[in-house]
There are 2 protein chains.
Amino acid sequence: MRLPAPARREQILDVSVQVFARNGFHSTSMNDVADAAGVTKPVLYQHFDSKQDLYLALLEEAGNRLRNAVAKAVSSATSGKQQTEYGFKAYFRWVSDDHDAFLLLFGTRANRDDESVSAIRRITAETAHAIAPLIAVDIDNLHQRTLAHGLVGLAEGVSRHLVERGEVFDPEVLGQQIADLAWAGLRAVHRAD
Amino acid sequence: MRLPAPARREQILDVSVQVFARNGFHSTSMNDVADAAGVTKPVLYQHFDSKQDLYLALLEEAGNRLRNAVAKAVSSATSGKQQTEYGFKAYFRWVSDDHDAFLLLFGTRANRDDESVSAIRRITAETAHAIAPLIAVDIDNLHQRTLAHGLVGLAEGVSRHLVERGEVFDPEVLGQQIADLAWAGLRAVHRAD
DNA sequence: TCATAGGGTTACCAAAGGGTAACCAGTCGC
DNA sequence: GCGACTGGTTACCCTTTGGTAACCCTATGA
């Protein structure tokens with residue numbers, strides 16, 4: 001039960017990712033983290049200055065792993081097409097391996113209480129549901145829904161980038177461009193199937 | 001300063017969207033909301049049972065507006081291509097009009113403190129930065145970065161959908177499919193420019 | 001065997017903030 | 001003018017939880 005300092009620090013980090021990913025920042029108390037680590041609160045403060053500090057350390061580590069994975073994959077490719085391929089594969093490999101880290105960074109639950117989470121999931125799902133039918137009908141339903149969520153994420157990513165930076169944009173022009181991307185992309189997926 | 005009940009309720013909702021969108025749920029106290037509405041705390045509790053209740057009402061309303069906008073646009077189109085176009089345009093129109101609602105639902109700040117927000121933004125931005133160069137070089141930089149954030153969002157949307165439902169997936173296969181979509185899409189945007 | 005250092009615990013403080021009880025005031029109908 | 005209804009306020013409670021001070025215990029090496 002008793003661990004040398006560096007090992008304890010690592011263990012706390014490992015355990016924290018899970019706890020924070022599952023319950024979000026505010027719903028997770030330092031006691032929760034301590035319990036999960038099989039230890040008491042003051043021990044946490046021997047390794048991290050504050051709850052913030054611990055949380056930021058987690059984000060930073062998770063972010064580094066993601067960045068490195070994608071950057072390395074992209075740089076190892078030669079053509080544009082290959083870069084795209086390697087990049088996305090690396091991303092999804094990271095998601096699949098580093099599960100809790102993904103949720104910590106981008107999960108819906110990341111900081112919301114249960115009810116808010118399900119409200120937002122419902123909205124996203126319903127939006128995706130609304131656009132799923134326009135995806136080629138001869139691919140299976142599950143795949144269709146997955147792509148639909150991808151397209152919603154596409155729009156979300158673009159919007160977040162612009163809105164959070166306060167940039168103004170013409171929704172008609174932007175919509176047309178992203179629609180072109182999506183439509184051509186969907187047809188490609190269709191063919192590739 | 002004195003308002004009839006329904007008007008006050010509306011005003012509270014209007015003001016709350018802004019406050020919550022800017023500061024997130026936990027960093028916004030009921031006193032903050034009350035101040036912003038030019039009123040005191042107990043007034044809020046005459047219209048909403050709890051902070052949760054108020055917040056969920058906001059999410060619900062925002063979600064409805066988004067859903068309706070997209071669904072209506074998509075249903076008014078005749079071909080698949082047109083549905084895609086109308087759908088995305090409607091989405092971005094909503095973002096542009098209903099600004100605070102978008103941030104409330106999907107903003108990075110939605111529930112995190114300042115430092116976490118900037119950590120996550122940095123990670124997203126750096127990931128986008130890493131893939132931006134693979135986007136056709138003859139379009140302007142700003143546009144390139146916007147598309148890059150879209151692609152990151154695409155991957156994020158897909159991942160969230162799968163991970164939060166606990167579905168297992170093969171990152172290689174999924175990566176290939178999404179890469180096909182992205183690559184074909186990017187070439188289309190390129191041509192359309 | 002005994003001092004000591006480092007890992008760990010108990011018990012506590014203080015602030016923040018959700019929520020409420022009791023009270024006040026203006027305006028409208030009679 | 002006057003009761004009473006409705007919108008609003010002041011002042012408070014109480015729980016949660018981040019953070020800490022003081023203490024303990026066990027292994028180790030001289």
Side-chain angles (χ1 to χ4, degrees), chain A residues 1-59 104 109-117 119, chain B residues 1-59 104 109-117 119:
Chain A
M1 301 298 151
R2 241 178 125 171
L3 288 179
R8 180 63 77 193
R9 189 192 150 93
E10 278 312 303
Q11 186 229 5
I12 291 172
L13 284 171
D14 282 357
V15 155
S16 307
V17 181
Q18 294 174 35
V19 181
F20 279 121
R22 256 183 264 291
N23 304 322
F25 181 76
H26 287 284
S27 305
T28 302
S29 73
M30 287 303 258
N31 270 323
D32 292 341
V33 175
D35 283 357
V39 105
T40 56
K41 218 174 17 167
V43 173
L44 304 182
Y45 287 94
Q46 286 168 5
H47 299 279
F48 302 94
D49 287 348
S50 65
K51 188 183 178 184
Q52 265 282 5
D53 186 45
L54 168 58
Y55 191 68
L56 287 176
L58 294 175
L59 292 182
L104 187 75
R109 183 172 300 271
N111 271 298
R112 315 203 196 224
D113 48 290
D114 289 359
E115 281 190 278
S116 307
V117 167
Chain B
M1 301 296 151
R2 238 179 129 175
L3 287 179
R8 179 63 77 194
R9 191 192 149 93
E10 277 312 303
Q11 186 230 3
I12 291 172
L13 284 171
D14 282 357
V15 157
S16 307
V17 181
Q18 294 174 36
V19 181
F20 279 120
R22 257 183 263 292
N23 304 322
F25 182 75
H26 286 285
S27 307
T28 302
S29 73
M30 286 303 257
N31 270 324
D32 292 342
V33 175
D35 285 355
V39 105
T40 56
K41 220 176 8 168
V43 172
L44 303 182
Y45 288 93
Q46 287 167 8
H47 299 279
F48 302 93
D49 287 348
S50 66
K51 188 183 179 183
Q52 265 280 8
D53 186 44
L54 168 59
Y55 191 68
L56 288 176
L58 293 175
L59 292 182
L104 187 76
R109 182 172 300 271
N111 270 298
R112 314 202 197 224
D113 48 290
D114 289 359
E115 281 191 278
S116 307
V117 167

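Labels below follow one simple rule: chain letters A, B, ... track the order of the sequence lines, proteins then strands, and each chain is numbered from 1.
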Value in whole Å for how far the [atom2] atom of [N] lies from [atom1] of [X]:
| X | N | atom1 | atom2 | answer |
| --- | --- | --- | --- | --- |
| B:Asn31 | D:dC13 | CG | C1' | 15 Å |
| B:Asn23 | C:dA16 | CG | P | 16 Å |
| B:Leu54 | C:dG18 | CG | P | 11 Å |
| A:Glu10 | C:dG7 | CD | P | 15 Å |
| B:Met30 | D:dT16 | CE | P | 19 Å |
| A:Leu3 | C:dT9 | CG | P | 11 Å |
| B:Asp35 | D:dT9 | CG | P | 10 Å |

Touch class at under 4.0 angstrom, heavy-atom based, for A:Ser29 against every strand present: sugar-phosphate
D:dG8 phosphate, OP1 or OP2, under 4.0 Å from B:Arg8 side-chain N/O: yes
Minimum side-chain heavy-atom gap [X]-[Y] below 4.5 Å:
| X | Y | result |
| --- | --- | --- |
| A:Val117 | A:Asp114 | no |
| A:Arg8 | A:Val39 | yes |
| B:Ser16 | B:Val19 | no |
| B:Ser116 | A:Tyr55 | yes |

Interface residues of residues 41-53 of chain A with DNA chain C (non-hydrogen, below 4.0 angstrom): A:Pro42, A:Val43, A:Gln46
A:Ser29 backbone acceptor or donor facing A:Asp32 side chain under 3.5 Å: yes
Lys NZ or Arg CZ of B:Lys51 over B:Phe20 ring: under 6.0 Å, within 45°: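 No, B:Lys51 does not lie over the aromatic ring of B:Phe20.
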Which residue lies more 5' along DNA chain C, comparing A:Thr40 with B:Thr28 via nearest heavy atoms: A:Thr40
Side-chain-base donor-acceptor pair under 3.5 Å for B:Arg2 and D:dT6: yes
Where B:Val33 and B:Val15 come nearest, the two heavy atoms and their spacing: O-CG1, 4.2 Å
